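This report refers to the structure that appears directly beneath it.
Owing to the predicted nature of the structure, the values given are computational and were not obtained by experimental measurement. A, B, ... follow the sequence lines: proteins, then strands. Residue 1 opens every chain.
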Number of protein chains: 2
Amino acid sequence: MTVTTSRNGVASERIASALRDSILRGEHPPGTRILQEDVAADFGASRLPVREAFRILEADGLITLVANTGAWVSRLSLAECEEIYQLRERIEPLLLGYSIQNLTASQLDRLDELAATMQTLRDPEEFLRLDREFHLLSYAGAHTAILGDTVRRLWNTTQHYRRAYTRLLDPDGNRIVHDEHHMLVQALRLRDADDGERILLGHIRRTRLELARHPALFD
Amino acid sequence: MTVTTSRNGVASERIASALRDSILRGEHPPGTRILQEDVAADFGASRLPVREAFRILEADGLITLVANTGAWVSRLSLAECEEIYQLRERIEPLLLGYSIQNLTASQLDRLDELAATMQTLRDPEEFLRLDREFHLLSYAGAHTAILGDTVRRLWNTTQHYRRAYTRLLDPDGNRIVHDEHHMLVQALRLRDADDGERILLGHIRRTRLELARHPALFD
DNA sequence: TTGATCGCGATTGGCTCCAATGTAGCTGAA
DNA sequence: TTCAGCTACATTGGAGCCAATCGCGATCAA
């Protein structure tokens with residue numbers, strides 16, 4: 001399941017959540033302008049909660065606000081994308097270490113199922129949805145607020161580029177990704193933190209290096 | 001120099017910036033409630049830009065918003081503080097590696113000066129100001145947006161606890177801190193990234209362990 | 001034809017008023 | 001005395017209106 005639009009909270013948070021999902025689904029590519037009035041009309045609200053939602057998404061790094069001018073879906077330079085992947089190389093193994101001790105049997109089964117399903121998928125958008133669920137679920141055992149939010153923010157910021165990259169992955173690249181999924185789940189099952197962190201680090205590093213080979217995807 | 005209230009941007013950003021500084025200066029201890037109307041009156045504005053400023057500070061982790069209820073200066077649990085320090089152990093050496101190549105001679109001189117001044121200071125608030133400047137300046141050579149912002153956010157979130165901790169540091173603890181300052185500047189001067197990262201890592205780790213010995217500072 | 005300048009329209013920023021919600025204090029009965 | 005329920009107030013959330021600002025296009029001169 002994708003992240004559903006939360007019914008909790010006030011309008012600004014609901015709008016931010018829904019807008020975040022639609023940006024992550026690729027409905028607004030990087031560089032697209034977003035008008036307060038359009039969003040307000042979509043949600044049947046006034047512009048005020050939309051302005052607050054924009055502030056939330058700006059802090060998430062998903063949109064860029066310019067005073068008196070407007071809001072645009074954020075673009076990344078290749079350098080910024082590399083920064084994010086270097087950060088993830090440092091942080092995610094730590095988060096996985098927290099998570100690996102507490103994953104339940106049903107969560108591990110679901111991870112297996114996701115890895116198997118992704119192997120046979122043809123649709124890139126469906127792949128991205130499952131990949132996101134795999135990613136979030138593998139960290140679900142870590143009962144951390146700050147660490148988890150930090151990783152989630154970094155992941156979201158690069159979603160557009162993950163999409164573009166996924167669409168041009170050759171069959172061999174796909175095979176590597178699928179192997180990594182299966183190996184990671186196996187390490188999680190064995191509660192082998194060292195092995196899990198090693199596989200994860202390798203995956204992130206490999207992706208970072210491959211993205212660097214496609215500078216045309218960036219500004 | 002403290003972080004000055006930016007004159008750039010619109011009211012909500014100016015208010016957020018000024019409020020951030022005053023929280024970091026300790027004028028609103030953790031758990032303090034902040035009313036929209038009070039802030040609006042302080043800045044001669046209506047509540048609207050204040051509401052946007054609150055959203056910005058919430059994303060910074062400095063205040064906590066509860067719908068229909070109010071805003072409070074964030075508190076940290078010991079576990080969250082440990083999370084932050086573990087993150088910093090992973091991230092800051094990376095940031096220092098970027099910075100060490102580009103620090104100018106005048107920046108290095110200022111770092112020397114700061115280290116020496118802090119050694120003779122008696123006033124904790126003045127120490128915190130200089131410590132913050134030292135921290136920011138040592139990373140000034142890193143021309144990174146995302147990495148730098150992430151570290152700045154983590155640093156800000158723990159400022160209250162750094163304050164409380166500084167006030168109860170014994171003379172021996174102070175001596176260690178001062179030694180670390182001087183050693184770090186020396187490594188920076190020699191452009192010795194490995195040594196700089198080692199010293200920085202040791203400093204953060206030591207502080208994390210010492211904070212864990214004072215659980216009474218936290219919730 | 002090209003460049004700069006002026007003005008208009010589109011869009012965002014901000015204020016005031018009103019509605020909704022949560023909290024605290026009071027009243028009453030067990 | 002204590003606890004439950006109710007009422008009133010303080011505070012936040014939201015809508016509409018007006019002002020400020022920016023970008024774009026038209027106009028004019030070189």
Does A:Arg167 use its side chain to pair, donor to acceptor, with the backbone of A:Arg162 at less than 3.5 Å?
no
If we ignore hydrogens and angles and just use 3.5 Å, is the side chain of A:Glu89 paired with the main-chain N or O of A:Leu201 as donor and acceptor?
no
Between D:dT12 (P) and A:Glu13 (CD): distance, integer Å
15 Å
Each nucleotide in nucleotides 9-22 of chain C should get exactly one letter: B, S or -. Can you fill that in based on protein heavy atoms under 4.0 Å?
--SBBBBB----SS
Expressed in angstrom and rounded to an integer, what is the separation of B:Leu65 atom CG from D:dT12 atom C1'?
11 Å
How would you list all residue pairs meeting salt bridge (Lys or Arg N to Asp or Glu O under 4.0 Å) that involve residues 35-48 of chain B, not counting sequence neighbours?
none
Taking atom types as modelled, is there a side-chain donor on A:Thr150 or B:Arg153 under 3.5 Å from an acceptor on the other?
no
For B:Ser77, is there any backbone N or O sitting under 3.5 Å from a side-chain donor or acceptor partner on B:Glu80?
yes
